[in-house]
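Below is one structure, written out as structure tokens; comments come after it.
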Amino acid sequence: MQNLKTVILHNREIAPGYFRMAVLAPGYPMQAKAGQFVMLRIQQQNQPLLRRPFGIFKTGTLAAECSGMPRREFVELVYKVVGSGTKLMATLQRGDQVELLGPLGEGFTPVESDTPILVGGGIGLVPLFKLAEDLCRQGKQVRLLMGGRTRDDILGITEFERLGVETYVSTDDGSLGEEGLVTAVLERKLAKYPEAVVYACGPTPMLNAVQAICAKNETPLQVSLEALMACGVGACLGCVVPGKEHREDQPDYLCTCRQGPVFDATDLQWPESGGDQ
Ligand code: FES
């Protein structure tokens with residue numbers, strides 16, 4: 001983990017409300033694992049704002065002539081504009097300074113299976129890209145189930161497909177792919193590939209439903225949780241979630257930023273009904 005004062009390489013809108021930001025980050029291509037995140041701090045009128053967590057989408061190295069700067073390794077984040085902080089981020093430009101703390105947390109642990117299925121909803125697709133890269137590099141046939149409210153929430157489909165990933169899209173309004181929930185696609189895929197292993201990231205109702213389906217099918221599942229984080233390093237306890245042994249008289253909490261954000265689903269407590277999406 002390092003705290004870098006660095007600069008933005010690009011920051012552009014890729015779909016309504018979604019931005020893609022690349023930041024110079026020496027060491028990240030070697031260090032960052034799929035599913036890890038960074039805490040990013042930006043400045044406004046020389047006043048630093050609070051750090052915010054962002055999942056790592058990609059890491060890489062630019063040719064010198066592209067970056068125009070001596071250090072060429074970068075990390076790329078994708079974010080959705082949802083509040084004042086991300087609204088401000090959307091105004092930043094190439095060369096603006098930011099502070100990057102990371103890579104942080106525990107990422108995905110690819111397990112032995114020839115049938116990995118990735119399930120991502122909206123911005124939850126972001127941490128699945130590096131995982132797909134790793135699994136494709138191992139020669140696995142990766143299937144990715146992408147879900148969103150509308151076509152604007154289906155991020156990076158071309159890049160996933162360029163890796164060789166088979167993609168299946170569903171949207172609530174049917175504006176791209178089939179109309180309906182991504183979990184309906186998951187049920188069908190698990191019926192076809194009972195030996196699959198599932199990796200998922202997305203909104204809590206989607207994860208609850210994915211967990212219920214995987215538990216019913218006895219399918220191994222790793223989930224990446226989206227939690228509010230203030231410090232990102234285990235100091236504030238603002239990001240805890242109930243562990244599997246949690247009871248009112250016997251609290252058992254897990255720290256999303258230190259012990260996660262990726263957990264084996266069997267380590268967490270889930271709603272008995274599987275929740276409503
Ligand atoms: Fe502070 Fe996790 S964000 S402990």
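Basis for what follows: all heavy atoms, side chains included, without hydrogens, waters or symmetry-related copies. Numbering of ligands and ligand atoms starts at 1, following listing order.
Although no hydrogens or angles enter the test, the distance criterion places no donor-acceptor pair under 3.5 Å between the side chain of Glu76 and the main chain of Ala22.
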Please list, one pair per line, the donor and acceptor atoms closer than 3.5 Å that link side chains of residues 127-135 to other protein atoms, with sequence neighbours excluded.
from: Lys130; atom 1: NZ; to: Thr59; atom 2: OG1; distance (Å): 3.0
from: Asp134; atom 1: OD1; to: Arg137; atom 2: NH1; distance (Å): 3.3

Can you list, pair by pair, the side-chain donor-acceptor contacts under 3.5 Å of residues 195-203, counting residues two or more places apart and other chains?
from: Glu195; atom 1: OE2; to: Thr115; atom 2: OG1; distance (Å): 3.1
from: Tyr199; atom 1: OH; to: Val111; atom 2: N; distance (Å): 3.0

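For residues 167-194, no pair satisfies ring-ring contact (aromatic ring centres under 6.0 Å, His included), with sequence neighbours left out.
Between Lys189 and Glu166, none of the side-chain N atoms (NZ, or NE/NH1/NH2) sits under 4.0 Å from a carboxylate O, so this pair counts as no salt bridge. Using a 4.0 Å cut-off between a side-chain N of Lys or Arg and a carboxylate O of Asp or Glu, Lys80 and Glu226 do not qualify as a salt bridge.
Around atom 1 (Fe) of ligand 1, the protein atoms of type N, O or S that sit closer than 2.8 Å are Cys231 SG, Cys236 SG.
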